[in-house]
Amino acid sequence: MKSGHIIACVTVLGVLASGVSGVAGRQNASQFRATTDVVIVPVSVKSGTRVVPGLTAVDFELLDEGIVQDVTLRMVETLPIDVTLVVDTSGSVRGRALEQFKGNVRRIAETLQVNDRLRLLTFAANVSDASGLQSGGVALDVERIEAGGATSFYTALAAAVVAFPLAERPQFIFGFSDGADNMSFEQPGQVRSLVLRSGNALYLQMGQSRSAPGREAEKVLRDAAERSGGALYTGDVTAGLPEGFERALTDFRTSYVLTYTPRGVSRSGWHNIVVRTKERKYTVRARSGYDAE
C-alpha cells in the first residue's frame with residue numbers, strides 16, 4: 001500500500017506487548033494531568049430510537065468509583081471535534097470501488113465544520129496514516145491511496161486509539177470494514193481494553209458475520225463501542241461509507257459532553273464511571289472509565 005506513512009504492525013504490537021495499562025494508560029495519565037484533572041465523558045441519551053434533547057447538568061448523575069461528582073455539560077454540536085476515519089482498503093476495494101471510496105472520503109471531509117479536524121487511516125495488511133491531521137471542510141488528497149491485500153481491522157483500530165495523543169476536544173473514531181479480519185495479531189478483546197482506557201468515542205460499521213468467531217468478535221467490538229459512548233452498526237455495507245459515517249456523526253454530534261474534576265477519589269489507577277439520567281427510562285451510553293496512573 002502507498003497511501004501514506006505506514007504505521008507498522010510491529011509498533012502497535014509493541015504497544016500492546018507493553019501492557020494495556022502501559023503505554024495507553026500512560027498517555028491517558030498525561031492527558032489527565034494536562035487538562036487540570038478534568039475528565040471528559042461523551043454521553044448519548046435516547047428514548048427508544050429518538051435522541052433526547054434539552055437536558056442540563058442537573059438531569060445527570062455521574063459516579064466516579066461510586067462517588068457522586070459535580071458535572072458541567074455541553075452539547076457536542078457546540079464543540080470542535082477530532083475525527084479519525086479507519087477505512088478498509090484491502091483486496092475487496094479495487095477498480096471502480098476504490099474510485100468511489102476516494103470520492104466518499106472527500107465528501108466526508110468537506111461535510112465537517114472548519115474548526116473540526118480529520119485524520120484518515122487506511123488498512124489492508126498494514127495500517128497507513130494517509131492524511132495526517134487536517135482541518136475539516138476541505139477535500140483530502142487521496143489520489144495516492146491504493147487497494148489490495150489482507151484485512152487487519154483490529155490492528156487499525158488499535159493504532160487509531162494508541163498512535164495519536166488525545167486533545168482537549170471530543171474524539172470520534174469511525175471504523176469501516178466490509179470484510180472479516182484475517183491478518184491482525186491483535187484480538188477484539190485487546191482493542192476493547194485500549195478503547196476503554198481512552199477518551200475516544202468509537203463507532204463501527206461492519207458487514208454482519210455468519211461465522212461463530214465472527215459473531216463473537218462483533219459482540220466484543222459492540223461492547224467496546226457502546227462502553228465508549230459510541231455504537232456498532234452491522235448489515236449491508238454496500239450502501240456506502242458516507243451514509244454510515246453520517247449516521248454515526250449525527251449520533252455523536254447530538255450527544256452531550258460531561259466534564260468534572262474528580263472529588264473524593266484516588267488520583268491513581270483505574271476508575272469506573274457510571275452515568276445515568278434522573279429520568280431512568282432513558283437509555284444512556286457513556287464512557288465507562290479512565291486510567292489516572
N/O donor-acceptor pair under 3.5 Å between [X] side chain and [Y] backbone:
{"X": "Gln171", "Y": "Asp82", "value": "no"}
{"X": "Ser128", "Y": "Ala130", "value": "no"}
{"X": "Ser193", "Y": "Gly189", "value": "yes"}
{"X": "His271", "Y": "Ser266", "value": "yes"}
{"X": "Asp181", "Y": "Tyr154", "value": "yes"}
{"X": "Thr155", "Y": "Ser152", "value": "no"}
{"X": "Ser131", "Y": "Leu120", "value": "yes"}
{"X": "Asp116", "Y": "Leu118", "value": "no"}
{"X": "Arg222", "Y": "Leu232", "value": "yes"}
{"X": "Thr151", "Y": "Phe153", "value": "no"}

Salt bridge check, [Y] against [X]: does any charged N sit closer than 4.0 Å to a carboxylate O?
{"X": "Arg192", "Y": "Asp223", "answer": "yes"}
{"X": "Arg276", "Y": "Asp59", "answer": "no"}
{"X": "Glu243", "Y": "Arg247", "answer": "no"}
{"X": "Glu110", "Y": "Arg107", "answer": "no"}

Considering all heavy atoms of both residues, which atom of [X] and which atom of [Y] are nearest to each other, and what is their separation?
{"X": "Val86", "Y": "Ala156", "value": "CG1-CB, 3.5 Å"}
{"X": "Pro80", "Y": "Pro170", "value": "O-CD, 3.5 Å"}
{"X": "Ala124", "Y": "Thr89", "value": "CB-O, 3.9 Å"}
{"X": "Ala57", "Y": "Val71", "value": "CB-O, 3.6 Å"}
{"X": "Val138", "Y": "Ala109", "value": "O-CB, 3.2 Å"}
{"X": "Lys102", "Y": "Val142", "value": "CE-O, 3.4 Å"}

What I'd like to find out is whether the side chain of [X] reaches to under 4.5 Å of the side chain of [Y], using heavy atoms alone.
{"X": "Leu157", "Y": "Leu202", "answer": "yes"}
{"X": "Tyr290", "Y": "Pro262", "answer": "yes"}
{"X": "Asn200", "Y": "Thr84", "answer": "no"}
{"X": "Val43", "Y": "Val284", "answer": "yes"}
{"X": "Leu62", "Y": "Val68", "answer": "no"}
{"X": "Val76", "Y": "Ile81", "answer": "yes"}
{"X": "Asp70", "Y": "Arg263", "answer": "no"}
{"X": "Leu258", "Y": "Val275", "answer": "yes"}

Going by the side chain to side chain donor-acceptor pair (under 3.5 Å) test, which pairs reach into residues 41-55, not counting sequence neighbours?
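Side chain to side chain donor-acceptor pair (under 3.5 Å) check on residues 41-55 returns Lys46-Asp251.
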Output the distance between atom [atom1] ([X]) and atom [atom2] ([Y]), rounded to the nearest 0.5 Å.
{"X": "Thr122", "Y": "Glu146", "atom1": "OG1", "atom2": "CD", "result": "10.5 Å"}
{"X": "Leu121", "Y": "Leu85", "atom1": "CG", "atom2": "CG", "result": "8.5 Å"}
{"X": "Ser177", "Y": "Phe123", "atom1": "OG", "atom2": "CZ", "result": "4.0 Å"}
{"X": "Ser90", "Y": "Asn182", "atom1": "OG", "atom2": "CG", "result": "7.5 Å"}
{"X": "Ser288", "Y": "Trp270", "atom1": "OG", "atom2": "CH2", "result": "5.0 Å"}

Do [X] and [Y] belong together in a cluster built from hydrophobic side chains that touch within less than 4.5 Å?
{"X": "Leu73", "Y": "Tyr282", "value": "yes"}
{"X": "Leu133", "Y": "Ile173", "value": "no"}
{"X": "Tyr233", "Y": "Ile108", "value": "yes"}
{"X": "Met75", "Y": "Val45", "value": "yes"}
{"X": "Leu79", "Y": "Leu249", "value": "yes"}

Please lay out, stage by stage, how Thr259 and Thr72 fare under the test side-chain hydrogen bond (donor to acceptor under 3.5 Å, both in side chains).
CA-CA 5 Å; Thr259 59; Thr72 60; 2.4 Å; yes
Surrounding CD of Glu61 (heavy atoms of other residues, nucleotides or ligands, distance under 6.0 Å), is the total greater than 12?
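Count over threshold, so yes.
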Please assess Arg227 against Arg285 for the test side chain to side chain contact (heavy atoms under 4.5 Å, CB included), listing each intermediate value before the final yes or no.
CA-CA 7 Å; Arg227 292 177 64 186; Arg285 296 198 318 267; over 6 Å; no
Is there a side-chain hydrogen bond (donor to acceptor under 3.5 Å, both in side chains) between Asp64 and Gln69 once you walk through the steps?
CA-CA 7 Å; Asp64 185 323; Gln69 304 293 317; 5.0 Å; no
Intermediate values then yes/no, ring-ring contact (aromatic ring centres under 6.0 Å, His included), Phe245 and Phe172:
CA-CA 11 Å; Phe245 177 82; Phe172 172 86; 5.8 Å; yes
Kindly determine whether Gln134 and Leu140 satisfy side chain to side chain contact (heavy atoms under 4.5 Å, CB included), including the steps that lead there.
CA-CA 8 Å; Gln134 304 290 329; Leu140 290 181; 3.6 Å; yes
Could you give all pairs that pass the ring-ring contact (aromatic ring centres under 6.0 Å, His included) test and reach residues 48-80, with sequence neighbours left out?
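Listed by first then second residue: Phe60-Tyr256.
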